[in-house]
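Working notes, beginning with the structure itself.
We use all heavy atoms of the structure for the numbers below, so side chains are in, but hydrogens, waters and symmetry mates are not. Computed from a predicted structure; not experimentally measured. Numbers for residues simply follow the sequence, beginning at 1. Start at 1 and go down the list; that is how both ligands and their atoms are numbered.
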Amino acid sequence: MDDTAAWWRSAVIYQIYPRSFADGNGDGLGDLRGVRAHLDHLAALGVDAVWFNPWYASPQADAGYDVSDYRAIDPVFGSLEEAEELIQEAHALGIKIITDVVPNHCSDQHPWFQEALRTGPGSAARDLFWFRPGRGADGELPPNEWQSIFGGPAWTRTKNPDGTPGEWYLHLFAAEQPDLNWDNPKVREEFEDVLRFWFDRGADGVRIDSAALLLKDRTLADFDQADPPNPHPFEDRDEVHDVYRVWREIADSYPDKRALIGEVWLPDADRFAAYMRPDELHTAFNFAFLGCAWQADALRTVIDETLAVHAPVGAPATWVLSNHDVPRHVTRYGRADTSFTLDYRQLGAYTDRELGLRRSRAALLLNLALPGSVYLYQGEELGLEEVEDIPDELRQDPMFFRTHGANPGRDGCRVPLPWSGSAAPFGFSPADATDSPWLPQPATWADRTVEALAGDPDSMLGLYRRAIALRRTLAVLGDGPMNWLAAPAGVLSFERPGAEPVVCMVNLSEGPVALAPHAEILLTSGPLTAEGELPVDTAVWLRIA
Ligand code: GLC
């Protein structure tokens with residue numbers, strides 16, 4: 001089928017982190033009622049689709065990425081009926097819905113895992129997971145030395161049904177997230193059915209969590225983490241692609257084809273692109289771009305590499321700067337070192353907020369002008385920064401606990417949104433709320449509420465609204481070709497060719513630069529100089545004919 005005009009190729013997609021978007025029932029935790037009350041915000045922003053982080057039944061050991069029932073909404077968020085209504089309401093506004101599917105692991109409270117614990121070693125229920133006897137005289141050592149991605153060992157010992165120490169099970173993340181055994185056909189069938197369940201309820205796509213981790217080396221051999229073998233024992237194994245070929249058939253079996261979006265963190269660009277071959281996923285998050293420093297040559301290189309690896313597989317690129325796992329980019333862009341890697345979070349490094357804001361505004365125009373789709377993380381449209389001073393006793397991310405605080409974790413980008421008013425909870429919760437927001441909001445957010453910014457077209461929110469609205473009217477933006485234009489050192493300048501071509505310039509040099517020849521200035525991320533030049537850390541869209 002011809003997917004060339006498919007919505008996911010050009011969409012602006014807004015990520016909702018449900019526990020921090022809006023609290024409708026006053027318990028301090030965001031919920032679906034809160035989302036439904038604020039759909040007007042998404043419509044005013046002009047986004048094409050919304051991706052929801054997990055809203056399923058979950059003990060919330062990893063903020064919902066520990067799912068105990070993939071077909072139920074967690075009562076803290078609402079009910080399945082509410083989710084169905086929400087999907088319809090969003091559709092009525094022209095907004096598509098992407099749900100999050102978490103196939104690598106489930107919750108330790110999932111009925112499958114509970115049954116596996118009850119039935120003991122050798123049972124069919126245990127084969128849905130990775131249960132193994134321990135090493136050592138009494139099995140007191142884990143089956144191997146694999147480390148959890150959240151820190152600490154990737155194995156936890158169980159008790160036998162009679163209470164004696166028993167087998168160990170594998171968890172690449174927290175102990176509450178046992179890894180599923182994707183060699184077992186029952187696991188595959190289950191997730192195929194879960195996909196259909198959400199597609200049947202109107203989900204227009206799914207975001208696939210930890211998409212490259214599903215298959216494991218059955219020998220569970222130890223390896224040197226600093227120098228992993230090829231193939232890796234649990235990352236990006238070739239067999240994982242069979243899973244996505246079947247998922248693609250399911251997505252394509254709907255008359256209005258559904259989109260598969262991968263969370264694939266891989267250093268090798270070609271291995272990454274392989275997930276987007278024509279019979280696999282449609283798109284994947286561009287983490288190489290997310291981690292890139294705010295530096296012209298580095299950005300140009302990563303943009304070129306992105307386009308080069310996507311072209312052969314025919315997949316659209318994605319442009320993303322923030323999500324619920326990484327420090328907010330206003331903060332990153334205000335630091336001396338603007339790059340990011342998963343294990344280098346630079347908590348507490350000095351950050352210049354004004355600089356971070358200026359660069360973030362320019363980055364928005366860059367992203368929206370690049371070929372492909374764009375992901376926005378809730379709150380970036382308000383210029384929210386990473387909250388770095390959350391007291392340890394209020395932190396909730398298992399990453400913080402499993403590293404004994406060495407890694408601050410991800411709570412700082414998950415602080416509840418400020419909507420209105422001059423004091424916490426800033427309209428996040430209703431006036432008669434019984435609890436305060438699950439993470440404390442900084443007092444400075446009085447200046448960053450939707451209410452405070454909405455009236456000002458030059459505010460961060462005003463810029464997001466204007467840029468997204470304008471992008472819709474410019475036919476050459478979104479998916480399609482681009483050409484670099486000659487520009488002074490430190491300046492990114494490219495054309496989106498077509499009947500009505502557009503040029504985007506971003507100045508990352510040391511001083512103001514002249515605008516490229518143009519017929520009209522469409523939008524700037526900040527004021528031009530008195531001489532009409534483009535200042536440092538500023539971007540412009542130009543109509544050139
Ligand atoms: C993904 C999610 C992250 C979660 C992890 C385990 O990386 O984005 O938030 O903790 O998977 O499910």
Side-chain angles (χ1 to χ4, degrees), residues 13 15-21 30 51-68 70 74 98-110 113 129-130 146-152 154 156 170-180 182 191 194 206-214 216 234-236 240 261-267 272 275 281 283-287 290-291 318 320-328 340-343 345 375-379 386 395-403 407-415 438-439:
I13 300 164
Q15 177 187 354
I16 288 190
Y17 194 67
R19 53 170 46 221
S20 300
F21 186 74
W51 150 37
F52 282 90
N53 287 102
W55 53 17
Y56 315 109
S58 162
Q60 307 286 331
D62 181 24
Y65 280 99
D66 49 318
V67 181
S68 54
Y70 291 86
D74 196 284
I98 297 162
T99 55
D100 207 314
V101 48
V102 190
N104 179 68
H105 45 265
C106 60
S107 161
D108 62 349
Q109 301 305 310
H110 191 287
F113 192 75
F129 299 92
W130 292 93
W146 292 5
Q147 296 295 298
S148 153
I149 293 164
F150 285 164
T156 292
L170 176 70
H171 51 86
L172 291 183
F173 294 93
E176 295 87 351
Q177 295 167 295
D179 277 53
L180 289 157
W182 277 82
F191 279 92
V194 166
V206 291
R207 176 264 188 192
I208 304 159
D209 187 65
S210 305
L213 301 181
L214 273 42
K216 275 98 194 173
F234 58 76
E235 196 178 88
D236 186 35
V240 76
I261 302 153
E263 188 210 17
V264 183
W265 296 88
L266 289 179
F272 166 73
Y275 286 78
L281 310 184
T283 65
F285 299 104
N286 188 349
F287 294 121
L290 185 154
T318 67
V320 46
L321 289 175
S322 281
N323 67 27
H324 65 293
D325 291 328
V326 307
R328 286 189 175 273
F340 170 76
T341 64
L342 274 181
D343 34 44
R345 289 172 183 266
Y375 284 84
L376 310 175
Y377 175 51
Q378 68 176 38
E386 183 76 3
R395 288 195 180 270
Q396 304 213 7
D397 185 357
M399 197 178 249
F400 173 76
F401 298 105
R402 291 187 61 90
T403 61
N407 188 323
R410 303 159 296 177
D411 291 316
C413 65
R414 299 175 173 181
V415 174
W438 70 282
L439 287 173

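- Residue, atom and distance of the protein heavy atom nearest to atom 9 (O) of ligand 1 are Asp325 OD1, 2.7 Å.
- Residue, atom and distance of the protein heavy atom nearest to atom 7 (O) of ligand 1 are Glu263 OE2, 2.8 Å.
- When only non-hydrogen protein atoms are considered, atom 2 (C) of ligand 1 lies nearest to Asp209 OD1, 3.0 Å.
- Heavy atoms of Arg207 found under 4.0 angstrom from ligand 1 belong exclusively to the side chain.
- Between the Tyr377 side chain and the Cys413 main chain, a donor and an acceptor come within less than 3.5 Å of each other.
- If you look at His324 and Tyr65, their ring centroids are closer than 6.0 Å.
- At least one heavy atom of His105 sits less than 4.0 Å from an atom of ligand 1.
- Between Tyr375 and Phe285, the ring center distance clears the sub-6.0 Å criterion.
- Ring pair Trp182/Phe191 is tilted by interplanar angle, where 30° to 60° counts as tilted.
- Nearest protein heavy-atom neighbour of atom 5 (C) of ligand 1: Phe173 CE2, 3.8 Å.
- The nearest protein atom to atom 10 (O) of ligand 1, hydrogens excluded, is given as Asp62 OD2, 2.6 Å; this is a heavy-atom distance.
- A salt bridge does not link Asp62 to Arg402: none of the charged side-chain nitrogens sits closer than 4.0 Å to a carboxylate oxygen.
- Numbered from 1 in the order shown, with element, the atoms of ligand 1 that lie under 4.0 Å from a heavy atom of Arg414 read 9 (O).
- The residues Asp325 and Arg414 are annotated as salt-bridged, a charged nitrogen and a carboxylate oxygen being separated by less than 4.0 angstrom.
- Near Arg410, meaning under 4.0 Å from any of its heavy atoms, are these atoms of ligand 1: 3 (C), 4 (C), 9 (O), 10 (O).
- Judged by a 6.0 Å distance limit and a 45° cone about the ring axis, Arg395 is positioned over the six-membered ring of Phe400.
- Within the listing of ligand 1, atoms 1 (C), 11 (O) sit less than 4.0 angstrom from a heavy atom of Ser210.
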